[in-house]
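Structure, as structure tokens:
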Amino acid sequence: MPVREPTDDDAPVASVECRDGVVHPDGVDEVARALEGERMRWQLAVSAGEVGGFDWDLVTGRLEWDDQLHAIFGIPREQFGGTIEHFSAALHPDDVARVGQALRRAIATCAEYAAEYRVVRPDGTVRWVQARGRALSGPDGSAVRVLGAAYDTTDRRDADARISRVLETMSAAFFLLDDAWRFTYVNAEAEVLLARPRSELLGGVLWDLFPDANGSAFEENYRGAVRTGEPRTFEAYYPAPLDRWYEVRAWPGTDGLSVYFSDCTERRRSQDEARRARDRAETERRAAEWARQRAEVGQARLRLLAEVGDDLASTLDTEDAVARLARHLVPSLASWCLITLSSDQRHLRDIASWHGDPARRETVARYARLRLNSLDPSSYLYRALRTGEVVAVPDATRSISEVLSVGEARAVLGELAPENAYAIPMRARGRTVGAMTLFLDAERRDLTEDDLAMLVQLADRAGLALDNARLYEEQRQMAESLQRALLSAPVQPDGLRVVVRYLPASRAAQVGGDWYDAFLQRDGSTVLAVGDVIGHDTQAAAAMSQVRTLLRGIGYTAGAAPATILRDLDEAMHGLRVDTMATAVVARFEPAGTAEGSGARRLRWSSAGHLPLVVVAPDGTARALDVGRHELLLGVGRGTERGEHEVLLEPGSVLLLYTDGLVERRGEHLSHGVARLCDVLTQTWAGEPGDDDERLGRVVDGVVTRMLDGHADDDVAVLAVHVLPPDAAVGGVR
């Protein structure tokens with residue numbers, strides 16, 4: 001019988017024949033019998049994984065899906081019409097034409113079919129699906145059947161999108177080079193610093209697009225990093241048309257060479273200016289033999305530069321260090337001084353004031369409290385902030401009174417009676433972050449050009465320190481927010497109280513790989529997990545999200561024991577190419593009533609190279625559950641059989657899971673840190689008596705505070721569980 005040739009109305013995504021010809025009934029039956037065996041083998045191959053299969057009979061037009069594919073599309077078998085039109089109706093409208101073209105091409109040439117498309121489920125959710133298959137031919141060479149498989153790729157796309165969003169919002173420029181030195185990724189900041197759009201960069205070879213990099217420090221360090229596998233950090237200059245200095249960090253990896261860089265031209269120029277200032281000061285010092293007064297001025301400037309530099313470098317509270325400028329400038333350069341910070345040249349605040357006469361310092365402080373609300377926007381201070389230039393104010397008492405509202409501020413200024421004033425802006429990276437205002441009484445000499453030049457340099461140093469502190473805090477908050485967004489609130493099962501804590505590292509604005517999880521399996525068992533992905537960057541955060549999501553899905557779907565969950569997680573990481581290593585421990589509380597003893601709960605756990613669990617017995621004594629041998633990390637060996645352990649926890653017991661940031665100290669073995677944790681936990685539990693809902697939270701906070709002493713060198717994740725008496729009610733836990 002001839003093959004029916006579908007029209008555009010019959011099948012919008014395919015044409016049946018790949019060449020002219022017919023298929024006879026006997027030939028169709030023979031092909032069908034031959035392909036049925038092929039189909040059975042294919043179904044067996046894909047049924048073991050989360051992969052769905054489809055079979056489209058081009059002769060009858062019947063399209064069959066297996067159960068997994070129905071689950072992926074969210075369409076029950078009884079609601080699926082079994083035709084190519086029903087398949088097309090499930091696609092996102094923007095993807096229908098592209099998928100149809102791919103199918104028609106495969107059928108016309110009896111070749112492979114591949115497409116990635118979006119599916120709109122009946123509930124309105126959208127999932128990404130990757131499909132592959134092949135058109136099979138009959139005796140006459142024309143296609144009679146299309147067999148294939150498909151799987152859900154939404155999680156991978158979401159992870160890629162999260163990484164891309166982080167890279168696009170970074171203040172640092174970033175690009176990725178493949179093994180052939182071609183650009184494969186460029187973020188927005190890199191487009192700005194390289195002065196080229198990413199459409200011009202992507203796919204281009206680095207050495208062709210930037211020929212002056214050949215033979216330079218860029219080539220030496222990039223090739224050296226790839227050759228040795230070790231990261232390189234360096235500063236280098238690229239000539240016109242860029243004409244900039246760059247601070248560069250090059251990291252080799254499996255995806256190619258990752259390059260982070262920033263424009264350090266202004267810093268280099270500031271360093272050059274500082275060197276020139278030191279040279280000038282040295283010249284003035286040598287001239288002291290014939291000009292005593294000039295030498296004294298030069299020495300005073302040197303002392304001032306050193307003192308300000310020490311202040312800015314000796315504290316993490318940059319704003320406090322800048323506030324000390326007022327005391328450095330008075331009385332050597334001014335009678336009194338005010339230091340002002342500006343967030344947007346409209347919202348100002350005076351952070352420091354000082355007068356050379358102790359009896360008048362309270363008067364200056366009172367003027368500082370009053371003047372900003374009285375100053376006209378056209379005043380000398382606002383002009384300095386707008387223009388970024390030094391503003392001199394001669395006859396200061398009269399001139400400033402004219403831009404002050406009538407009131408107490410004008411009266412206080414009259415008491416201070418300055419003769420001259422100078423507003424010197426504090427600048428950094430093209431923005432003005434504040435100003436130093438120096439006031440000189442009538443008996444003081446006026447400032448010289450050299451004085452003003454030094455003050456401009458001091459103001460720029462202070463401005464750069466303030467802006468660096470702002471940038472660091474913004475990145476630290478972004479990193480912490482991203483990390484916390486990747487973690488979820490724990491489950492609160494009956495009979496158990498669960499508390500979690502996460503603390504980012506305090507000395508680096510980086511996203512870490514520490515994580516925790518607590519969820520219920522279908523049978524009511526409570527699964528607890530804590531892990532640590534190797535690394536501290538956006539790649540580690542993305543890998544952490546993948547590993548945690550895989551563990552959560554496997555743990556819930558399979559309902560398996562901890563050792564099986566870790567083994568399946570290792571397999572999934574290998575199969576899905578989650579290229580990372582991680583430590584993890586998975587524990588499971590069986591449902592209430594399954595353990596021996598009144599209110600006791602049976603705990604099973606398995607560890608992948610993670611630190612031992614710690615348990616507080618009902619008598620308040622904490623101990624580590626040491627199992628004797630260490631298991632391999634996740635991502636090291638595929639198919640590793642994991643050991644499993646169990647213990648019976650009496651009511652009143654507390655279980656603690658944690659990452660190494662809580663116990664690790666430089667130069668100390670981890671076992672000592674675990675022992676110290678047990679001592680601190682025993683003492684803290686005894687110091688927080690009672691059975692109120694907040695006790696466990698207070699104990700965990702107390703342990704974290706004492707173990708870290710207010711400073712976390714690494715990320716810390718903590719998960720604590722209190723086994724409640726049978727009649728206890730679970731309260732709220734933050």
Side-chain angles (χ1 to χ4, degrees), residues 1-47 51-93 95-117 119-122 129-151:
M1 119 184 138
V3 177
R4 181 174 68 88
E5 220 174 306
T7 66
D8 290 340
D9 294 333
D10 294 331
V13 296
S15 173
V16 172
E17 294 194 358
C18 53
R19 293 189 299 273
D20 292 336
V22 297
V23 178
H24 296 285
D26 292 341
V28 172
D29 292 340
E30 182 181 351
V31 170
R33 286 191 299 272
L35 294 183
E36 191 60 32
E38 180 77 15
R39 176 186 177 191
M40 293 299 295
R41 288 191 296 273
W42 158 71
Q43 286 184 330
L44 289 173
V46 300
S47 61
V51 180
F54 61 86
D55 181 1
W56 183 18
D57 190 332
L58 299 178
V59 178
T60 65
R62 182 66 181 171
L63 175 61
E64 295 184 4
W65 289 351
D66 65 7
D67 292 339
Q68 182 62 35
L69 202 57
H70 279 285
I72 291 174
F73 277 68
I75 301 176
R77 187 177 294 277
E78 62 272 16
Q79 295 179 13
F80 181 61
T83 67
I84 198 66
E85 290 81 6
H86 285 85
F87 163 73
S88 298
L91 298 181
H92 191 284
D95 295 344
V96 172
R98 177 171 53 80
V99 175
Q101 182 180 6
L103 275 172
R104 285 193 293 272
R105 183 166 55 248
I107 293 171
T109 59
C110 294
E112 290 186 354
Y113 153 69
E116 188 170 21
Y117 49 81
V119 170
V120 182
R121 289 181 168 182
V129 174
Q130 174 72 53
R132 292 184 178 277
R134 175 178 285 277
L136 304 178
S137 62
D140 65 340
S142 58
V144 297
R145 203 169 201 165
V146 178
L147 290 177
Y151 57 95

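Numbers here are sequence positions counted from 1.
- Annotation: the span from L58 atom CG to L136 atom CG amounts to 9.0 Å, rounded to 0.5 Å.
- Annotation: R121, atom CZ; neighbour count of heavy atoms from other residues, nucleotides and ligands within 6.0 Å is above 12.
- The two atoms that bring S88 and V96 nearest to each other are O-CG2, 3.9 Å, heavy atoms only.
- Of all heavy-atom pairs between A114 and A102, the closest is O-CB, 4.1 Å.
- Taken from CZ in R145 to CZ in R62, the straight-line distance is 12.5 Å, to the nearest 0.5 Å.
- Pairing each heavy atom of I72 with each of G52, the nearest pair is CD1-N, 4.2 Å.
- Once rounded to the nearest 0.5 Å, the distance linking CZ of R77 with CG of L69 reads 9.5 Å.
- Taking each heavy atom of A143 and A135 in turn, the nearest pair found is CB-CB, 4.3 Å.
- F54 and Y113 have perpendicular rings, their planes meeting at more than 60° on a 0 to 90° scale where under 30° would count as parallel.
- Although no hydrogens or angles enter the test, the distance criterion places no donor-acceptor pair under 3.5 Å between the side chain of H92 and the main chain of V119.
- Of all heavy-atom pairs between W56 and G61, the closest is NE1-O, 3.8 Å.
- How far CZ of F73 is from CZ of F87: 5.0 Å, rounded to the nearest 0.5 Å.
- For the pair L63 and F80, the minimum side-chain heavy-atom distance is below 4.5 Å.
- Nearest heavy-atom pair across S137 and V144 is C-CG2, 4.0 Å.
- Listed for the R98 side chain is a donor-acceptor partner under 3.5 Å among the backbone atoms of E116.
- Between Q68 and V51, every side-chain heavy-atom pair lies at or beyond the 4.5 Å cut-off.
- No donor-acceptor pair under 3.5 Å is formed between the side chain of R105 and the backbone N or O of A111.
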